[in-house]
Amino acid sequence: MTKKLYLPLLVALVAVLASCSKMGELSSDYFTVTPQVLEAVGGKVPATINGKFPEKYFKKKAVVEVTPVLRWDGGEAKGQSVVFQGEKVEGNDQTISYQAGGSYTMRTSFDYVPEMAKSELYLEFEAKVGNKEIVIPAVKVADGVISTSELIGQTLGSANPANGDDAFQRIIKEKYDANIMFLIQQANVRSSELKTAKAFNEEVKSVNDAENKKISNIEISAYASPDGGVKLNTGLAENRQGNTAKVISKDLKKAKVDAAVDTKYTAQDWEGFQELVSKSNIQDKELILRILSMYSDPEQREQEIKNISSVYKTLADEILPQLRRSRLTLNYDVIGKSDEEIAALANSDAKQLNIEELLYATTLTNDPAKQEAIFTKATQIYPNDYRAYNNLGKLAYQAGNLDKAEDYLKKSLSLKDSAEANMNMGLVALSKGDKAAAESYLAKASGAKELNEALGNLYVAQGQYDRAVNAFGDTKTNSAALAQILAKDYNKAKNTLAGIEKPDAYTDYLMAVVGARTNNASMVNDNLKKAVAKDSSLTKKAASDLEFSKYFTSADFMNIIK
């Protein structure tokens, strides 16, 4: 009898003890993290955690809060918690079966800080079974954070800011026009018109004698008005051309000016007629213009217009006389100061230079200090020109002085809301970590030549790597190569880095990253050695950079970073 009671009591006791036992430690085998090594993207460290509560683990009255925590020496960051409940708990959280266990997915994200490079991701648990608190030890589920994307903060320094270009032209093409007028159906140059010819030739001689001017040619274009018939007008126009050319050539010879004279004539100046009518206020103007568009035959045009008897007298008195002419055109070049003259004046007496020459003077030197001095003079002599302030901001940005650059650029924008200054302000804002302000400024920079490159930098900072690669195109900068690395186009990144005109420490460091990602140990060591030689601070970064984790036990690698 005793034995018969003993066995059921033992089973019942085991069941009670099992139901009261603590929820034990969870193995890391129950968790997977994507990505396996965490990576900073757009200033965040995202992670997807897939977890599992095993069979007969989750008590029916248990409530468990799971919190992802990224820990590093001296600090930690907590992600969003998720709560799970047992089968006998009334609530709205995910229910986990005691018998079958249960799987779940957590998505979390941490704001990146540099210390996370050497960190560990844990899951922490707060558990209760009924009113009793249960201790479940934290479980480590991932190591460290790859922070290559954050190099954008350093590679931005090699970005090309927008320049406020000068409009300097060494040779400016100019022309001088005059008209010799003729009476109806006459081709002789009247004495009253000889004064016009004389004045024209005096201008020709003045240009010919000037040291900074050179005559290209003289054009004589003779015309007849559309009235009178094609045959008559052809003869008139041709004779007006010849008579005008004789007068001009005679005066040129007398003034000892050797210039090419090109002549032509137009028998019926319908084009000039249409232009004068369209600019006039004469009655039935639209009807006349419509006739010109409807008929191409000269005689039919003339007849249709004469049929408008109410307006023809006005045309004969006001429009047609203006078409009986020879147009004289002097074409010549104004030759500007030489580079030597501009450079000397920019240094000694900048007030003798116009704003275009002064801005152009900065292109004659590669010395940033000399460029800054010239731009400063430009702001003093021409204080309302936005370009000099923009270009001072550009120099300050390239020197790494962001506050100074911002001051100059704001002054430039106060003078003109230019694409160049907006783009450069976008780079400054991005360098200061303000992606929202950078995006706002760059949205107003349409037309700036360097805008696509600036947008490429913004897209890298935002974690839009494919978009960044497209924006950079064939640009050869550290940032362009960084975008290609993050987009996993390592061959293109290698070619970009090899094509950079002035490689710096980060050029070499990024080449070492390419080597690590393509399992090329010699590329890692050779380029890392060059990088730390140029910038010793990269020694510490490389020592904890998980890009090089597989080389942490390599003697060659350790010799470089020691």
Side-chain angles (χ1 to χ4, degrees), residues 1-40 44-113 115-116 118-145:
M1 180 71 179
T2 303
K3 289 183 178 180
K4 289 181 180 180
L5 290 173
Y6 178 75
L7 185 57
L9 286 172
L10 180 61
V11 172
L13 180 61
V14 170
V16 169
L17 289 173
S19 66
C20 296
S21 65
K22 295 181 180 180
M23 297 170 70
E25 180 177 354
L26 289 166
S27 168
S28 60
D29 294 337
Y30 289 119
F31 304 96
T32 59
V33 180
T34 305
Q36 290 182 334
V37 179
L38 301 183
E39 185 169 358
K44 303 285 186 181
V45 180
T48 299
I49 303 161
N50 291 299
K52 179 181 179 182
F53 291 111
E55 299 172 358
K56 297 181 181 181
Y57 176 84
F58 207 102
K59 305 302 180 183
K60 294 182 179 182
K61 293 184 178 182
V63 175
V64 178
E65 181 178 17
V66 183
T67 305
V69 181
L70 197 58
R71 300 176 181 174
W72 60 87
D73 186 18
E76 66 177 25
K78 292 192 175 185
Q80 186 175 358
S81 301
V82 179
V83 178
F84 304 92
Q85 62 187 35
E87 295 168 286
K88 291 187 177 182
V89 176
E90 294 183 3
N92 297 319
D93 299 309
Q94 181 179 342
T95 299
I96 303 297
S97 167
Y98 169 74
Q99 193 68 32
S103 299
Y104 57 90
T105 297
M106 299 175 62
R107 290 180 176 83
T108 190
S109 180
F110 307 94
D111 291 333
Y112 175 78
V113 294
E115 292 80 6
M116 289 178 178
K118 194 173 183 179
S119 60
E120 296 173 325
L121 179 62
Y122 281 84
L123 294 182
E124 294 182 349
F125 305 90
E126 288 187 12
K128 285 186 178 181
V129 177
N131 294 323
K132 185 177 181 181
E133 292 186 359
I134 302 296
V135 176
I136 300 177
V139 180
K140 177 184 169 183
V141 293
D143 281 305
V145 174

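Any value given below was found using the heavy atoms of this structure, including those in side chains, with hydrogens, waters and symmetry copies removed.
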Chi angles and distances behind the side chain to side chain contact (heavy atoms under 4.5 Å, CB included) call for Val45, Leu121: CA-CA 11 Å; Val45 180; Leu121 179 62; over 6 Å; no
Audit row: Gln80, Thr108, side chain to side chain donor-acceptor pair (under 3.5 Å) steps and yes/no: CA-CA 6 Å; Gln80 186 175 358; Thr108 190; over 6 Å; no
Pairs meeting criterion ring-ring contact (aromatic ring centres under 6.0 Å, His included) with involvement of residues 53-78, two or more places apart: Phe53-Phe58, Phe53-Phe84, Phe53-Tyr104
CG on Asn92 to CD on Gln85, rounded to 0.5 Å: 7.5 Å
Distance (rounded to the nearest 0.5 Å) between Lys78 NZ and Tyr122 OH: 14.5 Å
Validation row: Val64, Met23 side chains within 4.5 angstrom (heavy atoms): yes
Non-hydrogen atoms of Ala100 and Glu55 that approach each other most closely: O-CG, 3.6 Å
Could you pull out every donor-acceptor pair under 3.5 Å between side chains of residues 25-35 and any protein atom, sequence neighbours left out?
residue : atom : partner : partner atom : Å
Ser27   : OG   : Asp29   : N            : 3.1
Ser27   : OG   : Asp29   : OD2          : 3.4

For the student: nearest non-hydrogen atoms of Ala40 and Tyr112, plus distance: CB-CD1, 3.9 Å
Salt bridge (charged side-chain N to carboxylate O under 4.0 Å, His left out) contacts touching residues 62-75 (sequence neighbours left out): Arg71-Glu124
Qualifying salt bridge (charged side-chain N to carboxylate O under 4.0 Å, His left out) pairs with a residue from residues 83-94, counting only residues at least two apart or across chains: none
Shortest non-hydrogen separation from Gly144 to Leu38 and the atoms involved: O-CB, 3.3 Å
Any residue meeting salt bridge (Lys or Arg N to Asp or Glu O under 4.0 Å) with Lys44, in chain and number order, not counting sequence neighbours: Asp111
Atom of Ile136, atom of Ala127 and distance for their closest heavy-atom approach: CD1-CB, 3.7 Å
Non-neighbouring partners of Gln99 that pass side-chain contact (heavy atoms from CB on, under 4.5 Å), sequence neighbours left out: Lys56, Ser97
Approximate separation, where rounding is to 0.5 Å, of Ile49 CD1 and Arg107 CZ: 11.0 Å
Minimal non-hydrogen separation, Pro68 against Met106, with atom names: CD-CE, 3.5 Å
Pairwise side-chain contact, Ile134 with Phe125, heavy-atom cut-off 4.5 Å (strictly under): no
